Amino acid sequence: MDENFDTFDFLVNDEDEVMLLLYERDSEPVSNPRIEFNEEEKSAFLYRNDDDVLELNDIEDSIFDSIQDEDKLLICELSRNTDKDGDNSIIRAYEADIDF
């Protein structure tokens with residue numbers, strides 16, 4: 001996969017709900033994806049399926065604060081192609097179980 005598409009971002013809304021944005025992956029996520037956070041390392045592993053595990057590094061402390069009491073994380077995978085307005089469309093949206 002092109003490393004330009006390996007970026008990710010966490011968004012937090014006004015209700016302190018967190019969403020993970022990343023570019024679409026080649027494979028489909030499993031029916032029960034999960035994400036394991038390591039606050040000490042400021043990292044996480046997103047287990048999409050048996051063959052696709054993403055390592056997320058340099059996660060901000062504020063994200064850990066926001067997800068501390070959550071048991072699921074909304075994940076949106078964006079198109080690698082931009083539309084005429086320069087925006088990416090959401091290809092997949094799903095929830096992943098959160099583990100610490």
Side-chain angles (χ1 to χ4, degrees):
M1 173 171 290
D2 185 334
E3 65 184 56
N4 291 334
F5 294 110
D6 280 344
T7 61
F8 67 92
D9 197 11
F10 286 96
L11 297 180
V12 182
N13 67 14
D14 292 338
E15 286 80 40
D16 206 34
E17 298 168 323
V18 180
M19 174 175 45
L20 172 61
L21 297 175
L22 49 97
Y23 284 104
E24 68 181 307
R25 308 295 290 176
D26 294 332
S27 60
E28 293 286 326
V30 292
S31 58
N32 294 315
R34 65 186 168 89
I35 186 164
E36 290 182 2
F37 285 95
N38 184 328
E39 189 169 4
E40 187 176 300
E41 298 287 327
K42 298 189 184 326
S43 65
F45 285 97
L46 172 60
Y47 295 88
R48 291 183 71 254
N49 59 47
D50 290 340
D51 298 319
D52 193 8
V53 178
L54 286 96
E55 183 175 5
L56 311 174
N57 293 302
D58 301 320
I59 300 172
E60 296 178 16
D61 289 334
S62 62
I63 300 303
F64 288 100
D65 293 341
S66 295
I67 62 168
Q68 203 63 44
D69 296 326
E70 301 298 323
D71 55 356
K72 296 210 178 275
L73 175 68
L74 177 62
I75 299 171
C76 293
E77 295 186 16
L78 304 174
S79 163
R80 295 180 189 197
N81 302 314
T82 56
D83 63 19
K84 63 181 179 184
D85 297 324
D87 294 327
N88 298 81
S89 58
I90 295 175
I91 302 298
R92 292 182 193 97
Y94 52 94
E95 290 185 328
D97 292 331
I98 295 175
D99 292 326
F100 285 96

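Everything quoted here is computed from the prediction, not taken from an experiment.
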Between Ile35 and Asp99, is any pair of side-chain heavy atoms under 4.5 Å apart?
no
Counting only heavy atoms not in Asp87, do more than 12 fall under 6.0 Å of its CG?
yes
Evaluate Ile59 against Phe10 for side-chain contact (heavy atoms from CB on, under 4.5 Å), listing each step before the verdict.
CA-CA 8 Å; Ile59 300 172; Phe10 286 96; 3.9 Å; yes
Spacing of CD belonging to Gln68 relative to CD1 belonging to Ile98, to within rounding of 0.5 Å
9.5 Å
Should the pair Asp26-Arg92 be classified as a salt bridge under the 4.0 Å nitrogen-to-oxygen rule?
no
May I ask you to decide if Tyr23's main-chain N or O and Arg80's side chain share a donor-acceptor pair within less than 3.5 Å?
no
Donor-acceptor contact below 3.5 Å, side chain Asn88 vs main chain Ser79:
yes
Who passes side chain to side chain donor-acceptor pair (under 3.5 Å) against Arg34, sequence neighbours left out?
Glu36
Give me the atom names and distance for the closest heavy-atom approach of Pro33 to Glu95.
CG-O, 3.4 Å
Residues Leu54 and Arg48: closest non-hydrogen pair is CD1-CD, 3.4 Å
For atom CD of Glu60, decide whether the heavy atoms of other residues, nucleotides or ligands shown that lie under 6.0 angstrom number more than 12.
no
Around atom CG of Asp69, are there more than 12 heavy atoms from other residues, nucleotides or ligands closer than 6.0 Å?
no
I want to check something: taking the side chain as every heavy atom from C-beta on, are Leu20 and Asp9 in contact at a cut-off of under 4.5 Å?
no
Do Ile91 and Ile75 sit in one hydrophobic cluster, given that two such residues count as connected whenever their side-chain heavy atoms are within less than 4.5 Å of each other, even indirectly?
no
Less than 4.5 Å apart, side chain to side chain, heavy atoms only: is that true for Val18 and Leu73?
yes
Can you check whether Glu17 reaches Glu70 side chain to side chain, under 4.5 Å on heavy atoms?
no
Should side-chain heavy atoms under 4.5 Å link Ile, Leu, Val, Met, Phe, Trp and Tyr, which residues sit in the same cluster as Tyr47?
Phe45, Val53
Do Asn57 and Ser43 pair up side chain to side chain, a donor and an acceptor below 3.5 Å, judged on atom types alone?
no
Atom CG in Asn38, atom CG in Leu56: separation rounded to 0.5 Å?
12.0 Å
Below 4.5 Å, heavy atoms only, C-beta onward: do Leu21 and Phe8 meet side chain to side chain?
no
Could you tell me whether the side chains of Ser66 and Asp16 share a donor-acceptor contact shorter than 3.5 Å?
yes
In terms of heavy-atom contacts, does CD of Glu55 have more than 12 from other residues, nucleotides or ligands at under 6.0 Å?
yes
Residues at least two apart in sequence or cross-chain that pass side chain to side chain donor-acceptor pair (under 3.5 Å) with Asp97, listed by chain then number, are Lys72
State, yes or no, whether a side-chain contact exists between Arg25 and Asn49 at a heavy-atom distance under 4.5 Å.
no
